[in-house]
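Below, chains carry the letters A, B, ... as their sequence lines are ordered, and counting in each starts from 1.
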Amino acid sequence: MHHVLVDQWSQGSSPLHARDPRAKLLVLVTFLVALATTAGNAFPTLAVDAALLAAGALIAGLPLGRLLLRAMAILPFSVTFGIISWLAGEHLRAIALVEKSYLSTVAVLLLVGTTPLPRLLSGLEALGTPRLLVLLAQFLYRYLFVISEQAQHLRLAAACREGSSGAHRHGKFRAAAGALAVLFARSYYRAEGIHQAMLARAFTGRFSPLNPLRFGPADGFFTAVIGAMLILARIQ
Amino acid sequence: MTPLIEVRDLRFQYEDGTQALDGINFTLHAGETVALFGANGSGKTTFVLQLNGILQGQGSVTVCGLPVTKDNLATVRSKIGMVFQDSDEQLFMPTVLEDVAFGPLNQGLTSQQAIEKAIAALKQARMEHAANKAPYHLSAGEKRKVALAGVLAMDPEILVLDEPTTFLDPPAQRNLVHLLSELPQAKLIVTHNTRFAGALAQRAVFFERGKLVADGTVQEIVQRFDWTYSALAPEDLRYLAQRRL
(Lines give C-alpha, C1' and ligand atoms only; values in the text may rest on other atoms or scores of the structure.)
Protein backbone atom coordinates (compact mmCIF):
# COMPACT_ATOMS: atom_id res chain seq x y z
CA MET A 1 0.00 0.00 0.00
CA HIS A 2 1.08 3.58 -0.66
CA HIS A 3 1.52 4.56 2.95
CA VAL A 4 4.01 1.74 3.58
CA LEU A 5 6.67 3.79 1.79
CA VAL A 6 5.87 6.95 3.76
CA ASP A 7 6.00 4.77 6.88
CA GLN A 8 9.53 3.68 5.91
CA TRP A 9 10.57 7.29 5.27
CA SER A 10 9.38 8.25 8.74
CA GLN A 11 11.83 5.78 10.33
CA GLY A 12 14.85 7.88 9.20
CA SER A 13 17.30 9.68 11.46
CA SER A 14 17.83 13.20 10.08
CA PRO A 15 17.73 16.44 12.11
CA LEU A 16 14.17 16.91 10.85
CA HIS A 17 13.18 13.41 12.00
CA ALA A 18 14.62 14.19 15.43
CA ARG A 19 12.41 17.24 16.01
CA ASP A 20 9.53 16.94 18.43
CA PRO A 21 6.28 16.31 16.50
CA ARG A 22 4.68 19.34 18.18
CA ALA A 23 7.37 21.60 16.70
CA LYS A 24 6.75 20.18 13.24
CA LEU A 25 2.98 20.46 13.62
CA LEU A 26 3.24 24.12 14.68
CA VAL A 27 5.49 24.87 11.71
CA LEU A 28 3.07 23.05 9.39
CA VAL A 29 0.11 25.07 10.67
CA THR A 30 2.12 28.31 10.19
CA PHE A 31 3.05 27.18 6.69
CA LEU A 32 -0.54 26.35 5.76
CA VAL A 33 -1.92 29.64 7.13
CA ALA A 34 0.82 31.64 5.39
CA LEU A 35 0.21 29.79 2.14
CA ALA A 36 -3.58 30.12 2.34
CA THR A 37 -3.34 33.89 2.80
CA THR A 38 -0.76 34.39 0.05
CA ALA A 39 -2.05 35.85 -3.22
CA GLY A 40 -2.04 33.46 -6.14
CA ASN A 41 0.34 35.67 -8.14
CA ALA A 42 2.78 36.33 -5.26
CA PHE A 43 5.30 34.11 -6.99
CA PRO A 44 8.38 35.14 -4.94
CA THR A 45 6.59 34.13 -1.70
CA LEU A 46 5.42 30.88 -3.23
CA ALA A 47 8.95 30.25 -4.47
CA VAL A 48 10.32 30.73 -0.93
CA ASP A 49 7.69 28.29 0.39
CA ALA A 50 8.59 25.74 -2.27
CA ALA A 51 12.30 26.21 -1.60
CA LEU A 52 11.76 25.64 2.13
CA LEU A 53 9.90 22.40 1.39
CA ALA A 54 12.64 21.23 -0.97
CA ALA A 55 15.31 22.08 1.60
CA GLY A 56 13.32 20.19 4.26
CA ALA A 57 13.09 17.10 2.04
CA LEU A 58 16.81 17.22 1.27
CA ILE A 59 17.79 17.67 4.95
CA ALA A 60 15.49 14.76 5.86
CA GLY A 61 17.08 12.61 3.16
CA LEU A 62 13.74 11.97 1.46
CA PRO A 63 13.76 11.33 -2.31
CA LEU A 64 12.48 14.68 -3.59
CA GLY A 65 11.29 13.32 -6.92
CA ARG A 66 9.17 10.59 -5.35
CA LEU A 67 7.84 13.01 -2.77
CA LEU A 68 6.74 15.44 -5.50
CA LEU A 69 5.28 12.57 -7.48
CA ARG A 70 3.24 11.32 -4.53
CA ALA A 71 1.93 14.81 -3.81
CA MET A 72 0.38 14.75 -7.29
CA ALA A 73 -2.36 12.55 -5.81
CA ILE A 74 -4.13 15.83 -4.97
CA LEU A 75 -4.08 17.13 -8.55
CA PRO A 76 -7.13 15.27 -9.94
CA PHE A 77 -9.25 17.08 -7.35
CA SER A 78 -7.63 20.49 -7.39
CA VAL A 79 -7.22 20.59 -11.17
CA THR A 80 -10.93 19.79 -11.59
CA PHE A 81 -11.90 22.75 -9.43
CA GLY A 82 -9.14 24.79 -11.10
CA ILE A 83 -10.66 24.13 -14.52
CA ILE A 84 -14.09 25.14 -13.25
CA SER A 85 -12.63 28.41 -11.89
CA TRP A 86 -10.73 29.00 -15.13
CA LEU A 87 -13.87 28.50 -17.21
CA ALA A 88 -15.67 30.90 -14.91
CA GLY A 89 -13.08 33.49 -15.85
CA GLU A 90 -11.20 33.46 -12.54
CA HIS A 91 -7.80 32.57 -13.91
CA LEU A 92 -5.79 33.75 -10.92
CA ARG A 93 -7.95 31.73 -8.52
CA ALA A 94 -7.61 28.65 -10.72
CA ILE A 95 -3.81 28.87 -10.64
CA ALA A 96 -3.77 29.61 -6.89
CA LEU A 97 -6.00 26.63 -6.19
CA VAL A 98 -3.73 24.19 -7.96
CA GLU A 99 -0.40 25.56 -6.70
CA LYS A 100 -1.53 26.00 -3.08
CA SER A 101 -3.17 22.59 -2.83
CA TYR A 102 -0.05 20.99 -4.29
CA LEU A 103 2.36 22.80 -1.95
CA SER A 104 0.11 21.97 1.04
CA THR A 105 0.18 18.29 0.11
CA VAL A 106 3.96 18.32 -0.20
CA ALA A 107 4.16 19.96 3.27
CA VAL A 108 1.89 17.34 4.83
CA LEU A 109 3.85 14.52 3.15
CA LEU A 110 7.07 16.05 4.49
CA LEU A 111 5.61 15.99 7.99
CA VAL A 112 4.36 12.38 7.85
CA GLY A 113 7.52 11.30 6.03
CA THR A 114 9.68 12.57 8.90
CA THR A 115 7.46 11.61 11.87
CA PRO A 116 6.39 8.06 12.75
CA LEU A 117 2.62 8.01 13.03
CA PRO A 118 2.47 7.06 16.74
CA ARG A 119 4.63 10.09 17.59
CA LEU A 120 2.63 12.31 15.28
CA LEU A 121 -0.57 11.25 17.04
CA SER A 122 1.06 11.81 20.44
CA GLY A 123 1.99 15.30 19.24
CA LEU A 124 -1.57 15.98 18.11
CA GLU A 125 -2.89 14.79 21.45
CA ALA A 126 -0.40 16.97 23.35
CA LEU A 127 -1.59 19.95 21.31
CA GLY A 128 -5.18 19.36 22.42
CA THR A 129 -6.70 16.99 19.85
CA PRO A 130 -9.41 14.90 21.59
CA ARG A 131 -8.04 11.53 22.77
CA LEU A 132 -10.90 9.66 21.11
CA LEU A 133 -9.99 11.07 17.69
CA VAL A 134 -6.34 10.17 18.22
CA LEU A 135 -7.27 6.61 19.23
CA LEU A 136 -9.55 6.25 16.22
CA ALA A 137 -6.77 7.42 13.91
CA GLN A 138 -4.32 5.01 15.52
CA PHE A 139 -6.61 2.00 15.16
CA LEU A 140 -7.66 2.98 11.65
CA TYR A 141 -4.02 3.13 10.61
CA ARG A 142 -3.17 -0.18 12.29
CA TYR A 143 -6.10 -2.13 10.85
CA LEU A 144 -6.21 -0.52 7.42
CA PHE A 145 -3.82 -3.25 6.28
CA VAL A 146 -5.85 -6.09 7.79
CA ILE A 147 -9.16 -4.82 6.42
CA SER A 148 -7.71 -4.16 2.97
CA GLU A 149 -6.28 -7.68 2.97
CA GLN A 150 -9.74 -9.04 3.80
CA ALA A 151 -11.23 -6.93 1.01
CA GLN A 152 -8.70 -8.37 -1.43
CA HIS A 153 -9.59 -11.92 -0.34
CA LEU A 154 -13.29 -11.21 -0.89
CA ARG A 155 -12.58 -9.69 -4.31
CA LEU A 156 -10.51 -12.73 -5.25
CA ALA A 157 -13.22 -15.12 -4.04
CA ALA A 158 -15.80 -13.23 -6.11
CA ALA A 159 -13.54 -13.25 -9.19
CA CYS A 160 -12.98 -17.03 -8.84
CA ARG A 161 -16.72 -17.62 -9.07
CA GLU A 162 -17.34 -15.17 -11.89
CA GLY A 163 -16.90 -17.76 -14.63
CA SER A 164 -15.28 -17.21 -18.01
CA SER A 165 -18.06 -15.01 -19.39
CA GLY A 166 -17.94 -12.66 -16.39
CA ALA A 167 -20.93 -11.48 -14.43
CA HIS A 168 -23.36 -8.84 -15.65
CA ARG A 169 -22.81 -5.32 -14.37
CA HIS A 170 -25.87 -5.66 -12.15
CA GLY A 171 -24.57 -8.93 -10.69
CA LYS A 172 -21.15 -7.41 -10.09
CA PHE A 173 -22.71 -4.48 -8.29
CA ARG A 174 -24.71 -6.85 -6.07
CA ALA A 175 -21.62 -8.92 -5.33
CA ALA A 176 -19.64 -5.77 -4.41
CA ALA A 177 -22.45 -4.57 -2.15
CA GLY A 178 -22.61 -7.97 -0.45
CA ALA A 179 -18.83 -8.03 0.00
CA LEU A 180 -18.96 -4.58 1.57
CA ALA A 181 -21.60 -5.78 4.04
CA VAL A 182 -19.46 -8.82 4.90
CA LEU A 183 -16.44 -6.56 5.35
CA PHE A 184 -18.37 -4.34 7.78
CA ALA A 185 -19.58 -7.37 9.75
CA ARG A 186 -16.07 -8.84 9.90
CA SER A 187 -14.64 -5.50 10.98
CA TYR A 188 -17.19 -5.41 13.78
CA TYR A 189 -16.25 -8.90 14.98
CA ARG A 190 -12.58 -8.03 14.71
CA ALA A 191 -13.17 -4.93 16.83
CA GLU A 192 -14.76 -7.16 19.46
CA GLY A 193 -11.77 -9.52 19.32
CA ILE A 194 -9.32 -6.64 19.69
CA HIS A 195 -11.25 -5.34 22.68
CA GLN A 196 -11.12 -8.78 24.32
CA ALA A 197 -7.37 -9.00 23.67
CA MET A 198 -6.90 -5.57 25.22
CA LEU A 199 -8.93 -6.50 28.31
CA ALA A 200 -6.93 -9.72 28.66
CA ARG A 201 -3.80 -7.61 29.04
CA ALA A 202 -5.25 -5.56 31.90
CA PHE A 203 -6.42 -2.60 29.77
CA THR A 204 -8.52 -0.22 31.85
CA GLY A 205 -9.49 2.30 29.17
CA ARG A 206 -6.41 4.50 29.10
CA PHE A 207 -3.31 4.14 26.93
CA SER A 208 -0.01 4.88 28.66
CA PRO A 209 2.62 6.33 26.30
CA LEU A 210 5.86 4.34 26.06
CA ASN A 211 8.03 7.21 24.83
CA PRO A 212 6.86 10.53 26.31
CA LEU A 213 7.48 13.53 24.04
CA ARG A 214 10.22 16.04 24.88
CA PHE A 215 10.15 19.59 23.49
CA GLY A 216 13.78 20.71 23.83
CA PRO A 217 15.60 23.98 23.02
CA ALA A 218 16.43 22.70 19.52
CA ASP A 219 12.71 22.21 18.88
CA GLY A 220 11.95 25.73 20.09
CA PHE A 221 14.72 27.13 17.86
CA PHE A 222 13.43 25.19 14.85
CA THR A 223 9.85 26.38 15.38
CA ALA A 224 10.89 30.01 15.87
CA VAL A 225 13.31 30.22 12.93
CA ILE A 226 11.22 28.42 10.31
CA GLY A 227 8.05 30.13 11.55
CA ALA A 228 9.75 33.55 11.29
CA MET A 229 11.01 32.77 7.77
CA LEU A 230 7.51 31.81 6.65
CA ILE A 231 5.95 34.93 8.17
CA LEU A 232 8.65 37.20 6.72
CA ALA A 233 8.23 35.68 3.28
CA ARG A 234 4.47 36.15 3.58
CA ILE A 235 4.46 39.83 4.61
CA GLN A 236 7.07 41.02 2.13
CA MET B 1 -1.52 -27.79 47.18
CA THR B 2 -3.89 -25.04 46.05
CA PRO B 3 -4.71 -25.44 42.36
CA LEU B 4 -3.90 -22.58 40.00
CA ILE B 5 -7.34 -22.79 38.44
CA GLU B 6 -10.41 -24.25 40.07
CA VAL B 7 -13.74 -24.17 38.26
CA ARG B 8 -16.93 -25.48 39.88
CA ASP B 9 -20.29 -26.01 38.19
CA LEU B 10 -19.69 -23.28 35.59
CA ARG B 11 -22.63 -22.46 33.35
CA PHE B 12 -22.85 -19.85 30.62
CA GLN B 13 -25.54 -18.93 28.15
CA TYR B 14 -25.11 -16.51 25.25
CA GLU B 15 -27.71 -13.79 24.63
CA ASP B 16 -29.24 -15.81 21.78
CA GLY B 17 -30.03 -18.61 24.25
CA THR B 18 -27.18 -20.97 23.29
CA GLN B 19 -26.08 -22.91 26.37
CA ALA B 20 -22.31 -22.71 25.76
CA LEU B 21 -21.17 -24.15 29.10
CA ASP B 22 -23.20 -26.55 31.17
CA GLY B 23 -21.85 -27.49 34.60
CA ILE B 24 -18.09 -27.50 33.98
CA ASN B 25 -15.75 -28.71 36.72
CA PHE B 26 -12.03 -28.34 36.10
CA THR B 27 -8.77 -28.04 38.02
CA LEU B 28 -5.29 -27.03 36.85
CA HIS B 29 -2.22 -27.45 39.05
CA ALA B 30 1.14 -25.68 38.88
CA GLY B 31 3.44 -27.04 36.16
CA GLU B 32 0.65 -28.85 34.33
CA THR B 33 -0.04 -28.52 30.61
CA VAL B 34 -3.56 -29.49 29.61
CA ALA B 35 -4.96 -29.76 26.09
CA LEU B 36 -8.60 -28.82 25.51
CA PHE B 37 -10.16 -30.89 22.73
CA GLY B 38 -13.64 -30.84 21.29
CA ALA B 39 -15.59 -30.03 18.14
CA ASN B 40 -16.03 -26.47 16.91
CA GLY B 41 -18.67 -24.76 19.04
CA SER B 42 -18.32 -27.24 21.90
CA GLY B 43 -17.45 -24.47 24.39
CA LYS B 44 -13.63 -24.54 24.61
CA THR B 45 -13.00 -20.88 23.78
CA THR B 46 -16.01 -19.76 25.82
CA PHE B 47 -14.53 -21.70 28.74
CA VAL B 48 -11.10 -20.05 28.57
CA LEU B 49 -12.66 -16.59 28.25
CA GLN B 50 -14.33 -17.23 31.63
CA LEU B 51 -10.96 -17.72 33.28
CA ASN B 52 -9.96 -14.06 33.06
CA GLY B 53 -13.46 -12.65 33.36
CA ILE B 54 -13.93 -11.53 29.75
CA LEU B 55 -17.11 -13.60 29.85
CA GLN B 56 -18.79 -14.28 33.16
CA GLY B 57 -21.23 -17.09 33.82
CA GLN B 58 -22.76 -18.79 36.85
CA GLY B 59 -20.71 -20.99 39.15
CA SER B 60 -17.33 -20.44 40.67
CA VAL B 61 -13.98 -19.71 38.97
CA THR B 62 -10.88 -19.27 41.11
CA VAL B 63 -7.48 -18.32 39.70
CA CYS B 64 -4.40 -18.50 41.93
CA GLY B 65 -6.71 -18.50 44.94
CA LEU B 66 -8.61 -15.41 43.78
CA PRO B 67 -12.26 -15.64 42.77
CA VAL B 68 -12.79 -14.13 39.32
CA THR B 69 -14.97 -11.17 40.25
CA LYS B 70 -15.08 -7.56 39.08
CA ASP B 71 -12.90 -6.44 41.99
CA ASN B 72 -10.16 -8.96 41.19
CA LEU B 73 -10.12 -8.67 37.40
CA ALA B 74 -6.92 -6.61 37.14
CA THR B 75 -4.99 -9.09 39.32
CA VAL B 76 -6.49 -12.15 37.65
CA ARG B 77 -5.64 -10.80 34.18
CA SER B 78 -2.04 -10.37 35.28
CA LYS B 79 -1.95 -14.02 36.42
CA ILE B 80 -3.39 -15.47 33.20
CA GLY B 81 -1.71 -14.68 29.92
CA MET B 82 -4.00 -15.34 27.01
CA VAL B 83 -2.70 -15.83 23.47
CA PHE B 84 -5.62 -15.47 21.07
CA GLN B 85 -6.25 -17.49 17.93
CA ASP B 86 -5.89 -14.53 15.58
CA SER B 87 -2.63 -12.72 16.33
CA ASP B 88 -3.78 -9.69 14.31
CA GLU B 89 -6.38 -9.06 16.99
CA GLN B 90 -3.75 -9.20 19.69
CA LEU B 91 -1.14 -6.99 18.02
CA PHE B 92 -2.89 -3.64 17.93
CA MET B 93 -0.07 -1.23 18.75
CA PRO B 94 1.99 0.50 16.03
CA THR B 95 5.28 -1.26 16.81
CA VAL B 96 6.22 -4.64 18.27
CA LEU B 97 7.97 -3.07 21.28
CA GLU B 98 4.98 -0.88 22.09
CA ASP B 99 2.68 -3.86 21.77
CA VAL B 100 4.70 -6.06 24.10
CA ALA B 101 5.02 -3.18 26.58
CA PHE B 102 1.25 -2.60 26.54
CA GLY B 103 0.52 -5.12 29.33
CA PRO B 104 3.35 -4.02 31.68
CA LEU B 105 2.27 -0.37 31.29
CA ASN B 106 -1.29 -1.38 32.24
CA GLN B 107 0.17 -3.12 35.29
CA GLY B 108 1.45 0.28 36.44
CA LEU B 109 5.14 -0.05 35.50
CA THR B 110 7.08 3.03 34.37
CA SER B 111 8.03 3.41 30.70
CA GLN B 112 11.61 2.31 31.40
CA GLN B 113 10.51 -0.76 33.39
CA ALA B 114 7.95 -1.64 30.72
CA ILE B 115 10.60 -1.39 27.99
CA GLU B 116 12.96 -3.65 29.98
CA LYS B 117 10.18 -6.21 30.51
CA ALA B 118 9.20 -6.04 26.84
CA ILE B 119 12.76 -6.57 25.62
CA ALA B 120 13.25 -9.49 28.02
CA ALA B 121 10.01 -11.09 26.82
CA LEU B 122 10.96 -10.55 23.17
CA LYS B 123 14.30 -12.24 23.85
CA GLN B 124 12.48 -15.15 25.51
CA ALA B 125 10.30 -15.47 22.39
CA ARG B 126 13.39 -15.01 20.17
CA MET B 127 11.89 -11.93 18.56
CA GLU B 128 14.11 -9.14 19.90
CA HIS B 129 15.26 -8.30 16.36
CA ALA B 130 11.70 -7.22 15.51
CA ALA B 131 11.27 -4.73 18.37
CA ASN B 132 10.96 -1.68 16.14
CA LYS B 133 9.02 -3.32 13.33
CA ALA B 134 5.35 -2.73 12.65
CA PRO B 135 3.27 -5.88 13.39
CA TYR B 136 1.93 -5.98 9.83
CA HIS B 137 5.46 -6.56 8.52
CA LEU B 138 5.74 -9.89 10.39
CA SER B 139 4.98 -13.41 9.18
CA ALA B 140 2.23 -15.46 10.86
CA GLY B 141 4.77 -17.39 12.95
CA GLU B 142 6.50 -14.18 14.03
CA LYS B 143 3.18 -12.59 14.93
CA ARG B 144 2.33 -15.58 17.11
CA LYS B 145 5.67 -15.32 18.91
CA VAL B 146 5.24 -11.58 19.46
CA ALA B 147 1.72 -12.20 20.79
CA LEU B 148 3.25 -14.72 23.20
CA ALA B 149 5.92 -12.19 24.21
CA GLY B 150 3.11 -9.72 24.90
CA VAL B 151 1.69 -11.98 27.58
CA LEU B 152 5.07 -13.19 28.89
CA ALA B 153 5.99 -9.56 29.59
CA MET B 154 3.26 -9.54 32.24
CA ASP B 155 4.89 -12.42 34.17
CA PRO B 156 1.79 -14.64 34.15
CA GLU B 157 1.55 -17.86 36.17
CA ILE B 158 -0.71 -19.50 33.60
CA LEU B 159 -0.64 -19.39 29.81
CA VAL B 160 -3.80 -19.97 27.80
CA LEU B 161 -3.28 -20.58 24.09
CA ASP B 162 -6.31 -20.62 21.81
CA GLU B 163 -5.60 -22.62 18.64
CA PRO B 164 -1.91 -21.63 18.64
CA THR B 165 -1.05 -23.53 15.44
CA THR B 166 -3.64 -21.78 13.25
CA PHE B 167 -2.00 -20.15 10.16
CA LEU B 168 1.41 -21.66 11.07
CA ASP B 169 3.40 -23.81 8.66
CA PRO B 170 5.06 -27.01 10.04
CA PRO B 171 8.47 -25.38 10.81
CA ALA B 172 6.73 -22.53 12.63
CA GLN B 173 4.68 -25.10 14.59
CA ARG B 174 7.88 -26.91 15.59
CA ASN B 175 9.46 -23.64 16.68
CA LEU B 176 6.42 -22.91 18.78
CA VAL B 177 6.57 -26.35 20.43
CA HIS B 178 10.22 -25.77 21.36
CA LEU B 179 9.51 -22.31 22.66
CA LEU B 180 6.50 -23.35 24.74
CA SER B 181 8.23 -26.42 26.16
CA GLU B 182 10.90 -24.15 27.65
CA LEU B 183 8.39 -21.96 29.49
CA PRO B 184 7.80 -22.87 33.14
CA GLN B 185 4.19 -21.65 33.34
CA ALA B 186 1.20 -23.97 33.58
CA LYS B 187 -0.53 -24.07 30.22
CA LEU B 188 -4.00 -24.59 28.80
CA ILE B 189 -3.96 -25.28 25.07
CA VAL B 190 -7.13 -25.17 23.02
CA THR B 191 -6.37 -27.09 19.85
CA HIS B 192 -7.48 -29.58 17.22
CA ASN B 193 -3.86 -30.47 16.54
CA THR B 194 -3.32 -33.66 18.53
CA ARG B 195 0.35 -33.96 17.57
CA PHE B 196 1.02 -30.46 18.84
CA ALA B 197 -0.95 -31.21 22.01
CA GLY B 198 0.84 -34.53 22.49
CA ALA B 199 4.22 -32.81 22.27
CA LEU B 200 3.39 -30.42 25.09
CA ALA B 201 0.56 -31.73 27.25
CA GLN B 202 0.40 -34.65 29.63
CA ARG B 203 -3.32 -34.31 30.25
CA ALA B 204 -6.31 -33.56 28.02
CA VAL B 205 -9.97 -32.83 28.55
CA PHE B 206 -12.77 -33.20 26.02
CA PHE B 207 -15.66 -30.77 25.53
CA GLU B 208 -18.98 -31.83 24.01
CA ARG B 209 -21.95 -29.46 23.70
CA GLY B 210 -20.85 -27.29 26.60
CA LYS B 211 -19.98 -30.17 28.91
CA LEU B 212 -16.57 -31.45 29.93
CA VAL B 213 -17.14 -35.13 29.25
CA ALA B 214 -13.68 -36.66 29.69
CA ASP B 215 -10.41 -36.04 31.47
CA GLY B 216 -7.31 -38.21 30.95
CA THR B 217 -3.99 -38.46 29.19
CA VAL B 218 -3.74 -37.03 25.67
CA GLN B 219 -3.44 -40.54 24.23
CA GLU B 220 -6.49 -41.82 26.13
CA ILE B 221 -8.66 -38.93 25.01
CA VAL B 222 -7.50 -39.12 21.39
CA GLN B 223 -8.24 -42.87 21.24
CA ARG B 224 -11.54 -42.69 23.09
CA PHE B 225 -13.00 -39.99 20.83
CA ASP B 226 -11.12 -41.03 17.68
CA TRP B 227 -9.71 -37.49 17.71
CA THR B 228 -6.87 -38.16 15.26
CA TYR B 229 -5.70 -35.47 12.91
CA SER B 230 -6.45 -37.66 9.93
CA ALA B 231 -9.70 -36.66 8.27
CA LEU B 232 -10.61 -40.25 7.39
CA ALA B 233 -11.24 -43.24 9.65
CA PRO B 234 -9.78 -46.67 8.64
CA GLU B 235 -13.19 -47.88 7.35
CA ASP B 236 -13.43 -44.79 5.12
CA LEU B 237 -9.98 -45.53 3.70
CA ARG B 238 -10.99 -49.19 3.02
CA TYR B 239 -14.17 -48.02 1.27
CA LEU B 240 -12.24 -45.61 -0.96
CA ALA B 241 -9.66 -48.30 -1.81
CA GLN B 242 -12.49 -50.64 -2.94
CA ARG B 243 -14.01 -47.86 -5.07
CA ARG B 244 -10.68 -47.32 -6.83
CA LEU B 245 -10.56 -51.04 -7.70
Please classify the contact of [X] with chain A as side chain, backbone, both or neither, using a heavy-atom distance under 4.5 Å.
X        : result
B/Asp88  : both
B/Phe92  : both
B/Asp162 : neither
B/Leu73  : neither
B/Leu105 : both

To the nearest 0.5 Å, atom CZ of B/Phe26 lies from atom CZ of B/Phe207 at 7.5 Å

Check whether B/Gln185 reaches the backbone of B/Pro156 with its side chain - one donor and one acceptor, N or O, closer than 3.5 Å. yes

Below 4.5 Å, heavy-atom pairs only: which of B/Asp86, B/Asn52, B/Val83 has the largest tally toward chain A? B/Asp86

Looking at B/Gln112, B/Gln90, B/Gln107, which makes the most heavy-atom pairs under 4.5 Å with chain A? B/Gln90

Do B/Phe47 and B/Phe12 make the cut of ring centroids closer than 6.0 angstrom? no

With a 4.0 Å cut-off, would you call [X] and [Y] a salt bridge?
X        : Y        : result
B/Arg126 : B/Glu182 : yes
B/Glu157 : B/Lys79  : yes
A/Asp219 : A/Lys24  : no

